[in-house]
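The block underneath contains the structure these notes are about, expressed in structure tokens.
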Amino acid sequence: MLDSMRAEHPALDAPTVETRTDAAQDIEVSHLPYAIVLADANNFFASCETVFNPQLAGRPVVVLSNNDGCVVSRSAAAKQLGIVNGTPWFKIRGQAEHDGVIARSSNYELYASLSHRMMHVMSGFFSHQEVYSIDECFLHNTMGRARAEQTCRQMRSTVLRGVGIAVSVGVAPTKTLAKIANHWAKKHPTSHGVTFWNDIAKECGDDALRSIPVSEVWGVGRRITKTLMGMGITTALDLQRCDPVLIRHRFSVLLERTVLELRGTPCIEDESDASSGVRRTQILCSRMFSSPVRGFETLSQALSVYAQQACHRLHRQHSLCGRVAAFCSTSPFAKEYSHIGNSVILDDPSDNPMVLSKAACNALRHSIDEHAPYIRAGVMLLDLSDAQDFATFEGMDAQRDEHGIGSVLEVAARRFGPRRVGIGYGGIRGSGRNDADTGATWTMRRDMLSIRGTTRWDEMPIVHA
DNA sequence: TCTGGGGTCCTAGGACCC
DNA sequence: TCTGGGGTCCTAGGACCC
């Protein structure tokens with residue numbers, strides 16, 4: 001396959017000497033074969049469900065997205081039943097329940113709390129940690145081979161014992177290869193959860209990368225896979241052998257970096273360094289409704305709640321917002337799909353929930369179709385700036401939270417818990433366990449929610465001794 | 001009936017200026 | 001007055017990630 005393709009794409013013949021291109025130039029090129037450690041929890045959400053409910057261990061468990069929409073995490077037993085991530089729950093529910101599958105609504109409070117504990121434990125084993133997502137982190141290793149392996153195994157068992165979550169560890173010279181090594185550790189039980197890329201490369205040679213479909217390489221998504229396949233590039237090995245310069249011209253510097261990383265040249269930077277403390281450049285809060293919403297009146301209730309949630313995050317990172325965007329859409333699966341979005345530039349940057357909430361509603365006030373069934377809406381806070389950098393002349397700061405409503409809400413949230421107090425529908429909390437169980441038709445459905453055992457006093461597990 | 005949510009980065013193209 | 005070329009800045013949209 002590759003040979004026939006070379007005739008058409010002579011540039012695919014990779015030079016034997018590694019070429020360093022712009023993508024790699026700014027970054028210190030360290031070829032330490034064990035520099036990057038990637039620790040990634042196995043089936044994280046499903047594993048979290050098992051931590052406080054040990055009866056679930058070994059059984060097929062799936063965790064569903066908001067509104068109990070689709071499957072977002074599966075236990076090993078659920079994977080064996082052939083359940084695929086992203087599948088709408090309603091399509092497989094019958095068969096799954098027949099097979100004894102246990103479904104859970106997503107319980108983000110629990111997952112965030114366990115993630116925090118897991119990351120804290122792991123940070124103690126290596127000099128530097130970059131938390132990449134809720135269930136994975138990169139760790140920087142400066143130890144030699146033997147000590148590195150010992151440390152990885154020790155870290156793994158400490159997390160398992162202390163937090164109850166199994167993690168897999170991949171070690172390699174670059175992040176992209178560490179991802180592959182991590183994947184390998186998950187797939188091959190003989191690795192006992194820790195895999196060094198060097199070992200695989202030595203043992204299997206080119207067959208290691210040849211066995212990995214190009215679609216599984218980190219940074220290669222669905223669209224790029226399709227184009228690459230059309231060019232005859234089907235495996236990770238094919239991609240590694242491409243000319244990086246050609247790839248940049250044909251695709252982008254991002255994919256060029258992927259090629260270089262597959263060759264062992266690190267070029268993906270540490271993102272945690274740049275932003276000491278996590279400061280987002282945009283804040284988005286959006287939800288699907290549990291049933292369609294018609295008319296501006298009801299829609300604006302939802303927009304107001306989302307604006308307040310976004311505002312809460314804005315406060316937390318001490319930012320001001322310069323532009324508020326809002327959008328809503330009908331079902332993309334319906335015959336007539338429509339998506340409406342608009343943004344409002346604020347006179348002055350603001351962190352006032354009243355101002356942001358009003359702006360979000362105004363953004364859509366005149367453009368929505370009063371009769372259309374909207375199934376989703378969202379609010380985006382854009383043009384964020386540091387609150388400390390912003391100073392106005394006295395008397396000119398009308399947009400700022402002059403009544404201190406935002407601060408009052410923040411204090412109330414700290415004291416009474418989130419979503420107890422708010423503007424409009426923002427503070428209504430029903431009697432049920434669902435915070436959003438307000439009687440409004442659009443709030444989220446979470447029918448199969450497990451206990452939030454680490455964040456709610458009233459839901460703490462009881463131990464019978 | 002029922003199909004997630006929250007981010008980031010890059011690029012192309014338009015507007016503007018010299 | 002007209003014109004071309006090139007730089008910069010901004011924005012929308014696309015692609016990716018988990």
Side-chain angles (χ1 to χ4, degrees), chain A residues 22-23 38 40-41 43-45 62-73 84-94 96 103 105-108 111-112 115 130-138 175-176 179 182-183 215-228 247-258 267-269 271-272 274-275 278-292 306 309-310 313 317 322-323 325 327 329-334 337 339 341-343 345 373 375-384 441 444-448:
Chain A
D22 294 348
L38 172 62
D40 186 320
N43 323 321
F44 184 58
F45 295 170
V62 297
V63 175
L64 306 178
S65 62
N66 283 341
N67 278 317
D68 299 336
C70 22
V71 175
V72 290
S73 179
V84 178
N85 256 353
T87 314
W89 177 234
F90 76 90
K91 279 190 181 170
I92 56 164
R93 184 175 182 165
S105 305
S106 37
N107 185 346
Y108 288 105
Y111 310 150
S115 166
E130 181 189 349
V131 175
Y132 180 72
S133 74
I134 193 163
D135 72 333
E136 65 188 295
C137 66
F138 291 106
K175 289 182 174 178
T176 305
K179 279 268 183 189
N182 186 285
H183 206 77
S215 59
E216 283 179 21
V217 175
W218 190 43
V220 179
R222 260 209 339 260
R223 297 296 272 269
I224 290 178
T225 297
K226 214 175 141 194
T227 314
L228 287 174
I247 288 293
R248 181 174 56 206
H249 289 145
R250 194 66 206 274
F251 298 90
S252 71
V253 292
L254 295 171
L255 197 62
E256 181 195 18
R257 284 182 199 147
T258 302
C267 30
I268 297 176
E269 284 199 70
E271 280 161 27
S272 70
S275 55
V278 186
R279 177 161 285 159
R280 311 263 170 234
T281 57
Q282 62 181 54
I283 292 172
L284 169 70
C285 183
S286 86
R287 293 278 181 285
M288 302 265 308
F289 302 133
S290 51
S291 58
Y306 303 158
Q309 282 179 22
R313 279 188 252 159
Q317 64 170 36
R323 191 157 59 101
F327 62 87
S329 62
T330 59
S331 168
F333 303 99
Y337 172 65
H339 176 97
N342 205 354
S343 74
I345 295 171
I375 60 131
R376 171 197 195 89
V379 172
M380 232 184 288
L381 306 185
L382 304 163
D383 300 351
L384 306 190
T441 54
M444 197 161 73
R445 191 167 55 226
R446 292 204 291 180
D447 293 338
M448 296 163 278

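Every chain is numbered from 1 and lettered A, B, ... according to where its sequence line falls, protein lines coming before strand lines. Keep in mind the model is a prediction, meaning the values are calculated, not measured. The analysis underlying the following values was restricted to heavy atoms, covering all of them including side chains, and did not include hydrogens, waters or symmetry mates.
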### Task
Report the C-alpha separation of A:E256 and A:F251 in whole Å, then their side-chain angles, then the decisive distance to 0.1 Å, and conclude whether the side chain to side chain contact (heavy atoms under 4.5 Å, CB included) test is met.
CA-CA 8 Å; A:E256 181 195 18; A:F251 298 90; over 6 Å; no
### Query
With rounding to whole Å, what would you report as the distance between B:dT3 and C:dC18 at their P atoms?
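One P to the other, the span is 25 Å.
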### Message
Ignoring hydrogens, what is the shortest heavy-atom contact between A:A377 and A:F289? Give both atom names and the distance.
### Response
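That would be CB-CZ, 3.6 Å.
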### Exercise: identify the closest heavy-atom pair between A:S106 and A:R446
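Distance-wise, the nearest heavy atoms are O-NH1, 3.0 Å.
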Find the distance [X]:[atom1] to [N]:[atom2] and express it as a whole number of Å.
X      : N      : atom1 : atom2 : value
A:E136 : C:dC18 : CD    : P     : 6 Å
A:Y132 : C:dC17 : OH    : P     : 8 Å
A:D68  : B:dT3  : CG    : P     : 11 Å
A:R223 : C:dC16 : CZ    : P     : 8 Å
A:H183 : C:dC17 : NE2   : P     : 13 Å
A:E256 : C:dC16 : CD    : C1'   : 17 Å
A:D135 : C:dC17 : CG    : P     : 14 Å

### Query
Are A:V71 and A:V84 close enough that some pair of their side-chain heavy atoms sits under 4.5 Å apart?
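Answer no - side chains too far apart.
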#### Entry: Check: A:T281 and A:L384 side chains under 4.5 Å, non-hydrogen atoms
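Sidechains of A:T281 and A:L384: no contact.
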### Query
Mind checking what makes salt bridge (Lys or Arg N to Asp or Glu O under 4.0 Å) contact with A:R223, not counting sequence neighbours?
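In terms of salt bridge (Lys or Arg N to Asp or Glu O under 4.0 Å), with neighbours along the sequence ignored, A:R223 is linked to no residue.
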Touch class at under 4.0 angstrom, heavy-atom based, for [X] against every strand present:
X      : answer
A:V63  : nothing
A:W218 : sugar-phosphate
A:I134 : nothing

### Query
Hey, is A:R257 close enough to A:E269 for a salt bridge, meaning N to O under 4.0 Å?
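Result for this pair is no, no salt bridge flagged.
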### Query
When every nucleotide of nucleotides 4-13 of chain B is labelled 5' to 3' by its protein contacts under 4.0 Å (heavy atoms), B for base, S for sugar-phosphate only, - for none, what sequence of letters results?
SSSSB-SS--
### Task
Would you please classify the geometry between the A:F45 ring and the A:Y108 ring as parallel, tilted or perpendicular, with 30° and 60° separating the classes?
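Plane angle over 60°, so perpendicular.
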#### Entry: Bracket notation of DNA chain C in which parentheses pair within the strand, [ ] cross earlier pairs, and | pairs with another strand (Watson-Crick or G-U, under 3.5 Å)
....||||||||||||||
### Query
About how many Å separate CZ of A:R250 and CG of A:L228, when rounded to the nearest 0.5 Å?
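The CG atom of A:L228 sits 9.0 Å away from the CZ atom of A:R250.
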### Task
For C:dC18, take OP1 and OP2 only and decide whether either is under 4.0 Å from a side-chain N or O of A:K179.
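For C:dC18, OP1 or OP2 has a side-chain N or O of A:K179 closer than 4.0 Å.
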